[in-house]
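This report refers to the structure that appears directly beneath it.
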Amino acid sequence: MSYATSLYLTGAEIGLSVSGLVLLLVTAWMGEKAGRGITIAAVAALFGALFFNVSLFDGGAAGVAFGGLFLADGFAVFAKSLVYIATIACLIVAPRYFNGHAEYRGEYPVLMLFNAVGMGMMVSATDLMTLYIGLEMSSLSSYVLASFARRNEKSSEAGLKYFVLGGLASGIILYGVSLVYGFSGTTSYDGIRAAFTADFSTGAMFGVVFVLAGVAFKIAAVPFHMWTPDVYEGAPTPVTAFFASAPKVAAVAMLVRLATGPFGGQVEAWQQIVIFAALASIVVGALGAIGQQNLKRLLAYSSINNVGFILIGLAAATPEGISGVMVYLSIYVFMTIGSFVALLMLRDAEGNALSTFDDISGLSTTSPALAWCLLALMFSLAGIPPLFGFWGKFVVFQAAVQADMIALAAIGIAASVIGAFYYIKFIKVMFFDEPKGAAPAKAPVSHWGVLALSVAVISPLGYLLTPWLGNLADAAAQALFYAA
């Protein structure tokens with residue numbers, strides 16, 4: 001394939017990289033006053049990348065760039081579209097949050113752009129070297145974003161914890177990559193698959209386990225979830241919303257491509273690991289959230305819980321299972337962003353966060369519209385019909401049943417009932433308790449816009465999208481298995 005074609009297929013990443021570099025220079029020249037303008041330019045760049053990315057979708061046919069290092073197929077287009085949408089939403093709501101703390105600077109949207117470049121590389125990687133470069137590019141900017149509110153001790157602590165534990169996870173992945181390379185003789189996904197199909201030794205098995213363990217950290221799957229509550233609580237809320245959506249989509253997509261690509265010939269080698277991580281994440285996420293009083297920590301455990309449901313689709317190891325994963329991720333992005341934007345809007349007149357259940361008691365009387373939006377989001381996260389979150393759980397459980405993993409589906413369904421408790425606790429506190437704290441201050445239009453869109457998607461209206469979304473997810477899954 002020609003060099004020009006390779007440049008075209010990586011056009012979204014190149015465009016975002018150039019935009020990030022130009023905006024970084026503008027930030028250096030113009031200082032803090034340019035923050036708002038740079039944010040608008042960054043959102044425009046992400047919209048451009050989104051439209052360019054969608055234009056590459058041609059029914060799932062693959063385009064290989066740079067000699068097999070990068071793959072632009074239907075699966076990559078689907079996952080990267082979700083990444084760009086989530087990043088745009090998180091950028092839109094960020095400036096007003098930071099303006100209240102005199103913290104917002106032009107470097108913030110620049111870091112988001114570079115993070116999006118790294119996530120795009122993770123999703124499209126077909127070589128372990130490309131994967132690691134994309135992973136580190138995303139991770140390094142995430143460490144800075146977590147500690148962006150530098151005058152806030154919790155934010156600094158969150159950034160430090162994320163950096164230390166993220167560095168450990170990166171080391172685990174790199175060690176696994178070295179083992180995989182040593183026992184296969186190549187870093188190419190196709191070469192690894194061929195080598196492991198012919199000879200899958202104990203050493204190769206250790207390599208697969210180490211790679212999966214490192215990726216499990218990135219998606220906050222049990223038992224590598226310990227960083228999530230502290231980082232989600234300490235990071236600025238727009239950053240937390242970003243961590244819970246875009247990087248999680250990219251990491252899950254990277255895991256799916258690894259499992260079905262280079263490790264696809266040895267499904268039994270990773271399937272049991274994924275099943276354990278799925279069930280453990282569902283149970284630990286649900287039980288860990290029950291005793292939480294801080295709303296961001298509760299949603300951190302909720303994200304761990306949701307990763308468990310996503311992994312059930314992967315455990316099925318079928319096109320239907322991967323399609324279910326993509327459908328779940330699509331719905332999850334809107335549920336998560338909507339939930340964290342709602343928390344972002346829970347601020348008093350002085351700009352202090354209303355961060356506990358006591359703070360939102362009686363919210364239905366002090367801010368009825370926000371309370372009803374949160375009710376819809378919590379019921380959707382719990383998977384209660386007719387809200388769209390139910391459909392996400394339904395498709396992954398259906399895929400598990402079709403793969404004769406009935407016990408896994410049954411345990412997942414039973415464990416999901418536990419999670420309903422803390423979601424319903426939101427409704428009980430907001431609608432049945434007396435107000436104890438200050439009423440939330442008036443939120444900006446941008447926040448209401450993102451929240452309204454999220455609620456509209458996860459409402460029963462979302463079911464109108466199921467034929468379109470299902471077809472896209474099926475095409476993405478088929479492209480993945482075709483490429484494998």
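Rounded to the nearest 0.5 Å, atoms OG (Ser155) and CD (Glu233) are 11.5 Å apart. Interatomic distance, CD1 of Ile304 versus OG1 of Thr228, reported as 4.5 Å (0.5 Å rounding). To the nearest 0.5 Å, atoms CG (Leu377) and CD1 (Ile337) are separated by 11.0 Å. The CD1 atom of Ile92 lies 10.5 Å from the NE2 atom of His447; values are rounded to the nearest 0.5 Å. Note that the CG atom of Leu255 and the CG atom of Leu311 stand 6.5 Å from one another [nearest 0.5 Å]. Rounded to the nearest 0.5 Å, atoms CG (Leu381) and OG1 (Thr336) are 6.0 Å apart.
Not counting sequence neighbours, Tyr301 has no partner by the ring pair (Phe, Tyr, Trp, His ring centres under 6.0 Å) test. The side-chain hydrogen bond (donor to acceptor under 3.5 Å, both in side chains) test applied to Ser141 returns Asn115, not counting sequence neighbours. Partners of Tyr423 by side-chain hydrogen bond (donor to acceptor under 3.5 Å, both in side chains), not counting sequence neighbours, listed by chain and number: Ser302. Considering only residues two or more places apart in sequence or on other chains, Tyr143 meets the ring pair (Phe, Tyr, Trp, His ring centres under 6.0 Å) condition with Tyr162, Phe163. For Ala12, the side-chain contact (heavy atoms from CB on, under 4.5 Å) partners are Ala49, Phe52, Tyr84, not counting sequence neighbours. Among residues two or more places apart in sequence or in another chain, the side-chain contact (heavy atoms from CB on, under 4.5 Å) test is passed with Ala204 by Phe183, Phe196, Phe200, Ser201. With sequence neighbours left out, Tyr189 forms a ring pair (Phe, Tyr, Trp, His ring centres under 6.0 Å) with no residue at all. Partners of Tyr132 according to the ring pair (Phe, Tyr, Trp, His ring centres under 6.0 Å) rule, which considers only residues two or more places apart in sequence or in another chain, do not exist here. Checked against side-chain hydrogen bond (donor to acceptor under 3.5 Å, both in side chains), Gln266 has no partners two or more places apart in sequence or in another chain. Under the rule for a side-chain contact (heavy atoms from CB on, under 4.5 Å), the partners of Gln398 that lie at least two apart in sequence or sit in another chain are Phe394, Gln402.
A donor-acceptor pair is defined here as one N or O able to donate and one able to accept, closer than 3.5 Å; no such pair exists between the side chain of Arg36 and the backbone of Pro95. Between the side chain of Trp391 and the backbone N or O of Thr466 there is no donor-acceptor pair closer than 3.5 Å. No donor-acceptor pair under 3.5 Å is formed between the side chain of Ser124 and the backbone N or O of Met121. Between the Trp270 side chain and the Phe263 main chain, a donor and an acceptor come within less than 3.5 Å of each other. No side-chain donor-acceptor contact under 3.5 Å links Ser147 to the backbone of Ser156. Panel note: side chain Ser138, backbone Gly134; no donor-acceptor pair is recorded below 3.5 Å. Judged by distance alone, the side chain of Tyr181 and the main-chain N or O of Leu128 form no donor-acceptor pair under 3.5 Å.
Checking each of Val256, Val249, Val252 against Ile310 for a side chain to side chain contact (heavy atoms under 4.5 Å, CB included) leaves exactly one that passes, namely Val252. Each of Leu145, Leu16, Val239 was checked for a side chain to side chain contact (heavy atoms under 4.5 Å, CB included) with Met112, and the lone residue meeting it is Leu145.
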*Hey, mind stepping through Trp227 and Phe217 against ring-ring contact (aromatic ring centres under 6.0 Å, His included) and telling me if it holds?*
CA-CA 9 Å; Trp227 60 276; Phe217 173 91; 5.2 Å; yes
_Stepwise side chain to side chain contact (heavy atoms under 4.5 Å, CB included) test for Phe340 and Leu299_ = CA-CA 8 Å; Phe340 279 104; Leu299 289 182; 3.7 Å; yes
*Would you check, one step at a time, whether the test side chain to side chain contact (heavy atoms under 4.5 Å, CB included) holds for Phe390 with Val395?*
CA-CA 9 Å; Phe390 167 77; Val395 291; over 6 Å; no
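For residues 204-215, no residue pair satisfies the side-chain hydrogen bond (donor to acceptor under 3.5 Å, both in side chains) rule, not counting sequence neighbours. Listed by first then second residue, pairs satisfying side-chain hydrogen bond (donor to acceptor under 3.5 Å, both in side chains) with a partner in residues 215-224 read Ser139-Lys218, not counting sequence neighbours.
Between the side chains of Lys393 and Ser416, no donor N or O sits under 3.5 Å from an acceptor N or O. Looking only at atom types and distance, the side chain of Asp127 has no donor-acceptor partner in the side chain of Ser188 under 3.5 Å away.
Taking the ring centre of Phe148 as origin, the terminal cationic atom of Arg105 falls inside the region bounded by 6.0 Å and 45° from the ring axis. For the pair Lys296 and Tyr232, the cation-pi test (distance below 6.0 Å, angle within 45°) is failed.
Smallest separation of non-hydrogen atoms from Val307 and Ala221: CG1-CB, 3.9 Å. When all heavy atoms of Tyr8 and Ser55 are compared, the pair lying nearest together is OH-OG, 4.5 Å. Closest of all the heavy-atom pairs between Gly120 and Glu13 is CA-OE2, 3.6 Å. Between Gly412 and Ile282, the shortest heavy-atom distance links the atoms CA-CD1, 4.2 Å. The shortest non-hydrogen separation linking Ala476 to Phe75 is O-CB, 3.5 Å. Contact between Tyr463 and Leu387 at its shortest, heavy atoms only, is OH-O, 3.0 Å.
Within 6.0 Å of atom CE in Met129, 12 or fewer heavy atoms from other residues, nucleotides or ligands are found, so the atom counts as exposed in its surroundings.
Ion pairing between Asp230 and Arg297 holds under the 4.0 Å rule for side-chain N and carboxylate O.
Under the 4.5 Å side-chain criterion, counting only non-hydrogen atoms from C-beta, Leu258 is in contact with Leu131.
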